[in-house]
Amino acid sequence: MRDAVAALVRDGDTVVIEGFTHLICFAAGHEIIRQRRRDLTLCRLTPDLIYDQMIAAGCARKLVFSWAGNPGAGSLHAFRRAVEKGEPPLELEEYSHFGMVARLSAGAARLPFWTLRDYMGTDLPVANPRIRRVTCPYTGEVLATVPALNPDVTIVHAQRADAQGNAQIWGLLGVQKEAALASERVIVVVEELVDQSVIRADPNRTMIPGLAVDAVVVEPWGAHPSYAQGYYDRDNDFYIGWEATSRDASSLTRYLEEFVFGVRNRAEYVERCGGLERLRASSRVCAGVNYGY
Amino acid sequence: MRDAVAALVRDGDTVVIEGFTHLICFAAGHEIIRQRRRDLTLCRLTPDLIYDQMIAAGCARKLVFSWAGNPGAGSLHAFRRAVEKGEPPLELEEYSHFGMVARLSAGAARLPFWTLRDYMGTDLPVANPRIRRVTCPYTGEVLATVPALNPDVTIVHAQRADAQGNAQIWGLLGVQKEAALASERVIVVVEELVDQSVIRADPNRTMIPGLAVDAVVVEPWGAHPSYAQGYYDRDNDFYIGWEATSRDASSLTRYLEEFVFGVRNRAEYVERCGGLERLRASSRVCAGVNYGY
Amino acid sequence: MTYSPAEMMATVAARELRDGEVVFVGIGLPNLACNLARATHAPRLVLIYESGAVGAEPERLPVSIGDPSLVTGSLMVCGMADVFQFLLQNGRIEVGFLGGAQIDRFGNINTTVVGSYQHPTVRLPGSGGAAEIAIHARRTIVISRLSRRAFPEAVDFITSPGHRMRGRTRSELGMPGAGPVRVITDKGILEADEDTGELVLASLYPGVTADEVRAAVGWPLRCRGTALGVEPPGEPELRLLREVLDPDGLYLRS
Amino acid sequence: MTYSPAEMMATVAARELRDGEVVFVGIGLPNLACNLARATHAPRLVLIYESGAVGAEPERLPVSIGDPSLVTGSLMVCGMADVFQFLLQNGRIEVGFLGGAQIDRFGNINTTVVGSYQHPTVRLPGSGGAAEIAIHARRTIVISRLSRRAFPEAVDFITSPGHRMRGRTRSELGMPGAGPVRVITDKGILEADEDTGELVLASLYPGVTADEVRAAVGWPLRCRGTALGVEPPGEPELRLLREVLDPDGLYLRS
């Protein structure tokens with residue numbers, strides 16, 4: 001992870017770490033914090049705890065997002081301090097979920113914009129003049145548009161991949177495929193590195209083709225406190241606890257000192273957290289299907 | 001199948017039977033021929049043998065398509081007779097594959113058009129004025145558009161579904177998802193009807209949600225001479241033989257008399273074909289994945 | 001049998017759902033309401049989460065719309081591009097649930113900022129999928145506790161459009177869905193007036209007066225001619241809620 | 001060792017491919033050329049079919065681009081919307097193979113009609129994915145046997161654009177890819193002139209004269225100053241083609 005981030009994430013980059021609740025790559029976020037990247041434009045539908053930590057650590061210049069909360073538990077207080085008090089200052093560019101999905105779809109399709117029927121009656125286009133309109137060349141209807149998002153680097157966590165980065169994901173798929181294919185550079189982080197024969201045995205599960213991947217990093221528990229279907233459950237206690245940790249800037253700093261700067265890598269993080277085995281997934285293995293002919 | 005076609009396919013309808021080489025529902029096409037539907041607008045990327053038969057049988061008023069050949073074997077001669085000699089007359093509306101995919105994507109997204117970077121320098125927009133242009137509200141670039149395609153009825157063949165029509169497909173996916181969700185009415189035809197627990201065991205394989213499906217028909221071998229991955233191979237000899245069968249209008253008519261009008265249902269067709277067991281798929285079952293948490 | 005305001009709200013919301021409907025669900029009370037409806041009068045309800053899970057049957061109380069329990073055993077899991085384009089924008093969603101920090105006279109909802117957008121007093125999470133649910137779901141149901149702060153005359157920021165936005169109606173703006181037809185509060189139910197789109201008091205919970213509701217709303221609240229009483233949750237409903245659906249009282253206690 | 005024109009064409013096409021490239025493959029000679037390249041100098045070639053199979057390693061000779069053998073054991077299978085939007089339009093395809101009934105002076109290809117569009121003498125299959133491959137692949141390679149009918153001065157219908165279309169260039173029209181850089185025929189190789197976009201004779205196969213090629217082309221064919229000879233297929237290439245890749249001689253016999 002250290003090498004991949006050192007080589008592929010640069011100061012000033014537009015960075016996407018995607019994953020909707022599922023497969024959020026905290027391991028990559030922590031490494032970016034440790035390497036003290038600066039002036040990043042962080043993009044995600046849900047900034048979640050990982051961007052709250054990166055904002056608190058001073059990595060972010062700007063946030064592009066659609067829902068900035070701690071689901072079921074409260075606020076992202078580093079984000080709120082930045083926006084409400086300018087500590088540190090943070091530029092915002094705000095859409096709805098559909099708008100962010102559409103931006104990444106346009107980016108992956110290498111179109112300059114995406115069309116959606118959305119935003120009429122809302123104040124979002126007032127707050128964000130990048131939400132515009134286009135007229136249908138058939139019906140004359142006026143529809144909303146969002147501009148393509150083409151990140152410099154996208155980091156995706158997957159359950160497994162081969163050494164070339166052909167990555168398989170199951171469970172919630174979010175916008176990982178779109179984000180990866182929209183991006184200039186792609187890091188795939190996996191719970192398990194598998195032989196290519198495992199990938200080839202079930203090609204419909206491959207979400208990101210290796211031809212789009214620049215680095216593959218193996219990082220078990222890399223999505224904690226988020227989750228990996230079939231590997232470990234979400235650490236809901238950690239999410240609930242974040243409300244207290246993040247509400248106070250100094251306790252958040254202490255958290256970063258201990259769990260990010262205070263460890264050298266993910267293995268040390270896992271050890272420091274302790275007891276993560278309690279989150280280990282139960283077994284609900286589905287049957288295979290026949291690819292014969 | 002008889003009831004589903006009787007209830008859901010009407011004279012004058014815009015009909016899509018999708019499936020790219022894989023899972024082409026000949027069973028439904030034959031039933032439409034037997035029920036002597038007329039004035040249909042037939043839409044498919046590749047008309048393939050099934051629409052050649054439907055054109056020969058007089059079901060079609062118009063064809064919307066992107067590649068009308070017999071892959072690897074020659075021509076669709078009923079199609080060619082209609083276009084070259086007007087026997088019977090057939091209106092054409094022609095796109096490229098990407099254009100057809102984009103039309104169905106727009107239809108499924110209920111947008112009036114879809115944007116693509118395509119068609120510059122080709123004569124297709126001259127031949128088809130429905131291919132138009134739109135200007136990007138961000139960059140000023142001019143891009144191509146195609147209009148949405150929202151069929152009256154779409155018929156999709158799938159490996160398996162539950163009684164509500166939650167349909168699972170693996171192998172080539174084509175544009176079945178888009179076609180089904182673009183359509184007013186949907187018929188799902190399956191090799192196997194399975195208990196809903198089979199579907200729920202592997203939800204990432206579901207391509208079409210039952211909430212969009214109007215009828216589920218169980219029709220083993222329903223895609224022959226096309227194929228169903230994991231069930232049976234493509235009948236390549238039949239495709240090669242079609243060149244001779246279709247080249248002569250009267251031999252094509254004899255084929256229809258014997259294999260379509262001459263049988264009451266798919267089971268009789270399978271019996272009349274004889275020896276289809278030679279196409280039975282070998283076993284290449286993949287491993288399952290863990291959906292536990 | 002006594003019951004909490006949350007139990008009342010969940011029960012009332014459940015009753016709004018018809019069997020077989022396709023519902024876009026949020027976490028908390030909407031999720032409980034849907035599962036209560038499934039366990040009682042609407043077993044064929046189809047629950048869709050913006051995370052991509054369709055037909056979920058969670059074996060535990062999900063704590064987020066991306067909870068793994070929504071995936072395991074669901075009918076379909078698809079990417080979010082499919083959810084928003086091919087299901088929501090496609091018009092397949094019959095009911096959407098919304099909530100928010102502020103709901104105004106015309107059913108507009110604010111989940112973005114308290115104060116000005118550039119310099120907010122309180123920065124809220126933002127839209128998520130709410131803006132498009134408000135636009136596309138055939139009808140939406142809002143769940144929120146009454147207070148003058150939560151029900152101002154006009155919201156500070158329209159995140160999710162209601163019935164009249166800066167003077168313009170939904171149909172003038174070309175919105176496919178009918179908008180927030182009911183606002184379920186802890187004291188009674190507000191409904192959109194069909195002509196004006198203004199929220200009016202439609203029903204009162206047992207023991208609540210219209211004046212109590214009026215006092216908690218930031219505009220002169222009109223009352224339907226026939227403001228009805230609302231049947232409180234019965235024993236079967238309460239038992240389901242307490243023993244099966246939210247045994248730890250995560251959402252229902254207050 | 002003697003060899004057929006098809007064997008020569010497959011061999012020449014294989015040599016055009018560099019290891020690690022991403023190739024959009026068709027059936028027949030392009031497929032054989034790719035698999036020959038993989039078996040010799042380009043083991044890391046990634047084959048993509050418009051049907052959705054990525055990184056296919058078919059265990060038999062596929063007879064269509066939707067053959068099940070392209071799926072079994074491939075790296076990824078995705079829907080066609082993803083193939084065209086996220087791979088081809090995305091710019092990931094480095095080489096595309098094209099063929100056609102007519103190829104003209106500027107590399108434009110016709111697979112639509114002979115004669116007029118409304119009243120064709122011969123109705124051909126149409127574009128399929130060819131139009132967009134011609135536009136987006138970083139470069140395309142055309143494979144076609146020479147004849148005056150197949151190589152007219154101007155095609156009857158431009159299905160897939162070449163280098164100059166009704167006087168306008170690719171860059172004027174904003175096309176991402178470089179277009180048909182090589183046309184591999186049964187007698188020699190044509191290349192697009194970098195300045196004019198016109199196809200010129202670049203290399204001759206053993207025993208063929210420039211006049212023979214000129215006689216089979218419907219425009220005054222110019223010849224590169226240094227028209228090179230082409231090395232014929234060697235024994236290892238021929239053995240692979242005949243014994244492993246097309247043992248039944250489906251595509252190579254003639």
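All of these numbers come straight from a predicted model, not from anything done at the bench.
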Exercise for the section: Answer with side chain, backbone, both or neither: which region of C:V155 has an atom nearer than 4.5 Å to a non-hydrogen atom of chain A? Expected result: neither
Exercise for the section: Assess whether atom CZ of C:R60 is packed by more than 12 heavy atoms of other residues, nucleotides or ligands within 6.0 Å. Expected result: yes
Problem - Residue A:I240 versus chain C: region with a heavy atom under 4.5 Å - result: neither
Problem - Under 4.5 Å from any heavy atom of chain A - which part of C:M165 - result: side chain
Handout entry: Interchain contact, A:E84 with chain C, by part (heavy-atom threshold 4.5 Å)
Key = both
Handout entry: salt_bridge(A:E91, A:K62) N-O dist < 4.0 Å
Key = yes
Handout entry: A:W67 vs C:T111 side-chain heavy atoms within contact, under 4.5 Å
Key = no
Exercise for the section: Could you tell me whether C:E21 and C:R138 have a side-chain N and a carboxylate O separated by less than 4.0 Å? Expected result: no
Exercise for the section: Would you please classify the geometry between the A:W170 ring and the A:Y231 ring as parallel, tilted or perpendicular, with 30° and 60° separating the classes? Expected result: tilted
Practice task
Measure from the ring center of A:F65 to the ring center of A:F79 and say whether it is less than 6.0 Å.
Solution key: yes
Problem - Stacked cation flag A:R234 on A:Y239, 6.0 angstrom / 45 deg - result: yes
Handout entry: Contact origin within A:S105 toward chain C - heavy atom pairs under 4.5 Å
Key = side chain
Completion exercise
Okay, C:R166 and chain A: the region with an atom under 4.5 Å from a heavy atom over there is side chain
Problem - Test: A:R278 and A:D235 ion pair at under 4.0 Å - result: yes
Practice task
With a 4.5 angstrom heavy-atom cut-off, could you sort out which part of C:I135 is near chain A: side chain, backbone, both or neither?
Solution key: side chain
Handout entry: Leading residue by heavy atom contact count with chain A [cutoff under 4.5 Å; candidates C:S127, C:P68, C:G115]
Key = C:P68
Practice task
Report yes or no: does C:N108 contribute a side-chain atom to a donor-acceptor pair with the main-chain N or O of C:D104 at less than 3.5 Å?
Solution key: no
Problem - Toward chain C, the part of A:D118 with a non-hydrogen atom under 4.5 Å - result: both
Handout entry: Proximity breakdown for C:Q89 and chain A, heavy-atom pairs closer than 4.5 Å
Key = side chain
Practice task
Heavy-atom distances under 4.5 Å only: say whether A:L124 touches chain C with side chain, backbone, both or neither.
Solution key: both
Handout entry: Contacting region of C:P62 [heavy-atom separation from chain A under 4.5 Å]
Key = neither
Practice task
Select one option (side chain, backbone, both, neither) describing which atoms of C:F157 are under 4.5 Å from chain A's heavy atoms.
Solution key: both
Practice task
Please flag which part of C:T121 lies under 4.5 Å from any non-hydrogen atom of chain A: side chain, backbone, both or neither.
Solution key: backbone
Exercise for the section: Flag the pair A:I24 / A:H157 as yes when at least one side-chain heavy-atom distance between them is below 4.5 Å, and no otherwise. Expected result: no
Problem - Heavy-atom proximity to chain C below 4.5 Å, by part of A:R117 - result: both
Problem - Under 4.5 Å from a heavy atom of chain C, the part of A:Y227 involved - result: side chain
